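Heavy atoms only: backbone and side chains are in, while hydrogens, waters and symmetry mates are out. Note that the structure is predicted; figures quoted are calculated from it, not measured.
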Amino acid sequence: MTKKLLIRDLTLRDGQQSLFATRMTQDQVDRVLPLFKEAGFYAMEVWGGAVPDSIMRYLNENPWDRLEKIKAVIGDTSKLTALSRGRNLFGYNPYPEEVIEGFNKFAVKSGIDIMRIFDALNDVNNIKSTINYVKKNGGIADCTICYTVDPKFTSKQKINALLHFKTLPHDIFTIDYFVKKAKQLEEMGADMISVKDMAGLIPPNKSGELISRLKKELSIPIDFHTHCTPGYGLAAVLMAIVNGVDIVDTSILNFAGGPAAPAFEIIQLFANKLGLDTGVNLDAVVKINKELKKIRLELADYDSYQLFPIEFDITRDKLPKEVDTMLEMAIAFAKSRKEAELLDVTQKIEKYFNFPGPDEMVKNAEIPGGMYTNMLAQLKQLKLDHLLPKVLETVPMVRVAAGCPPLVTPTSQIVGVQAVNCVIDENKSLPPYTTKSIQFVNLVKGNYGKTPLPIDPEFRMKVAGVKTEMDYDTKNYKKQENSVFPEYGDLKLAENEKDALLLELFPSVARDFLKKRVEQKYLNDIYAIEEEKQRKLDEEKAKYAALSPEEKELRLHYGLYNYKWSSESVDNYLE
């Protein structure tokens, strides 16, 4: 019996988010859905992440409508998946249980089969209730361990720590750490585990070791998710495959590579050589990829790379002999754990397909690409971009002070912004942490959950004004107001529970989106009333015009038109 390798396609969520700022319109999505139904991927990630916010904010589209329209076409051919952040869902502060339950209930009802649940601190307690709500409503709980690396210190920072009799932390994010988290999630009821390497920082040998341990020590399916930014992505996925991973995440060629996931087509080529059956209809994939190229050209304003992969039809195009040999070499290097050679050959394969090369700055800084670009943008806005090297040096120290959170959304942004603030403070001869964001204060206070390392109580006092860790108290949570608009016929902002959830999860963006909808509905109602009036008037006019002069006079005489007018005035009115 042929062994299977299941594929979760990321094209319509992570793919477009990583490469094109989540700007695919519903019309563009609709064009590829029938083809995706033909393709028959095990799963398709289509929702969550930045999709709900972005399509309301930039496209004036309803997130629930998008999900339901995708489900209507795909049906049960592929499992639809979404991404959310446990107790925090799409925000920073944890939500009350009724909001978490409502979101997951309607996500499953609207078409989500698999909810991928992660927490930015890898605090399993922040995931617990979501597991229950997803499963209670008939969904599959895909629980995530967020891959991250230990802080990387400069020689100067190490010497300074020694001089002050301090120990810099090390060996925090070990294989044991991630396996322990995965086991805890399995015990909580996880149906599957995803290794989520959002920054693409996992080297191939670590990927192989982690997957091997998870397969040995857990009894549920394991999924591997990574990105290509630092150049590890393709090699790390291949290493996961040869070590028995059940599912891998890929995007179709024109929506893959660079900040996105590895290309499905390359993974399929490896699967062919390894005798693995992905179950995907390759003819449909070729059609999807052609349509994606057209869509990518339409999204050119948001395409930061403008670098297209080669034209490649996996059903008929033959690879040059040297490239085909490279695929075989890559498999051999993965099996023998020769990491340097594996990376070299997989990057050559990606170069043949014309994908961007490794981002050396991100690779060396060991931070997510989005975090790096956000810090640079923050500095450029202040005309202080020359301070970037200093900010990169400061990131590890800020991270350690804040309990060493993994660098994933949103903690990567919280730490990055605070590192910039600290350098700006220093540049102004102010003590560090003079300037601090409310998110950093709440992180240090304990509002977002337990950090991997305990935070020094004195530091917590300095930053947050309390010594003891304080969890977020949802009793103080204030529900968003469902405004009523007298000027629009007393229409409400949120018409139903799903609208109300959008308001809770994306307060300002959803408020703007829903208000535009109220205005449009009011105008539509007015137009409908006017159209109905005109229709009735036209009907009366037609009836009147068909009468003989005698009948007109007779009907007017007996008031059958309810007009106290002369025949002439009726004619004038009806004209």
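- At a threshold of 4.5 Å between non-hydrogen side-chain atoms, the residues Thr451 and Thr411 do not count as touching.
- At a cut-off of 3.5 Å, with distance as the only test, no side-chain donor of Asp176 or Thr174 sits close to an acceptor on the other residue.
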Chi angles and distances behind the ring pair (Phe, Tyr, Trp, His ring centres under 6.0 Å) call for Phe103, Phe90:
CA-CA 11 Å; Phe103 167 75; Phe90 298 94; 5.4 Å; yes
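- Within 6.0 Å of the NZ atom in Lys206, the count of heavy atoms belonging to other residues, nucleotides or ligands does not exceed 12.
- Side-chain N or O atoms of Asn62 include one that pairs as donor or acceptor with a backbone N or O of Trp64 at under 3.5 Å.
- Val237 is not listed as a side-chain neighbour of Phe270, based on a closest heavy-atom distance of 4.5 Å or more.
- Proximity of a side-chain donor or acceptor of Lys3 to a complementary backbone N or O of Gly244 within less than 3.5 Å is not detected.
- Here the closest heavy-atom approach between residue Met115 and residue Ser84 is recorded as SD-OG, 3.7 Å.
- In this structure, a donor-acceptor pair under 3.5 Å is present between the side chains of Glu97 and Tyr133.
- Under the rule for a ring pair (Phe, Tyr, Trp, His ring centres under 6.0 Å), the partners of Tyr95 that lie at least two apart in sequence or sit in another chain are Tyr477.
- The side-chain heavy atoms of Ile193 and Phe178, taken from C-beta on, include no pair separated by under 4.5 Å.
- No salt bridge links Lys181 with Asp119; every basic N to acidic carboxylate O contact stays at or beyond 4.0 Å.
- No salt bridge links Lys105 with Glu101; every basic N to acidic carboxylate O contact stays at or beyond 4.0 Å.
- For the atom pair NZ of Lys363 and CG of Leu201, the computed distance is 11.0 Å after rounding to the nearest 0.5 Å.
- Side-chain N or O atoms of Glu45 include none that pairs as donor or acceptor with a backbone N or O of Arg13 at under 3.5 Å.
- Between the side chain of Thr144 and the main chain of Cys146, no donor-acceptor pair closer than 3.5 Å is present.
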Are Ile288 and Asn254 close enough, and set up right, to give a side-chain contact (heavy atoms from CB on, under 4.5 Å), and what steps lead you there?
CA-CA 9 Å; Ile288 295 169; Asn254 275 303; over 6 Å; no
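- A donor-acceptor pair under 3.5 Å is formed between the side chain of Asp123 and the backbone N or O of Lys450.
- At least one donor-acceptor pair under 3.5 Å links the side chain of Asp113 to the backbone N or O of Leu80.
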Check against side-chain contact (heavy atoms from CB on, under 4.5 Å), Val248 and Ile7:
CA-CA 5 Å; Val248 293; Ile7 305 290; 3.7 Å; yes
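- The closest side-chain heavy-atom distance from Thr130 to Ile100 is below 4.5 Å.
- Identified under the salt bridge (Lys or Arg N to Asp or Glu O under 4.0 Å) test for residues 270-281, with sequence neighbours left out: Lys4-Asp277, Lys273-Asp324, Lys273-Glu328.
- Counting only N and O atoms by type, the side chains of Asn205 and Glu209 include no donor and acceptor under 3.5 Å apart.
- Side chain of Lys135 to backbone of Gly189: a donor-acceptor contact under 3.5 angstrom is found.
- For the residue pair Glu61 / Thr25, no side-chain donor-acceptor distance below 3.5 Å is found, with atom types taken as modelled.
- Taking each heavy atom of Leu59 and Met24 in turn, the nearest pair found is CD1-O, 3.3 Å.
- For the side-chain hydrogen bond (donor to acceptor under 3.5 Å, both in side chains) test with Arg8, the passing option among Asp14, Asp142, Thr250 is Asp142; the others fail.
- You'll find the side chain of Glu265 stays beyond 4.5 Å of the side chain of Pro309, heavy atoms only.
- Ion pairing of Glu497 with Lys109 is absent here, as no side-chain N (NZ or NE/NH1/NH2) approaches a carboxylate O to less than 4.0 Å.
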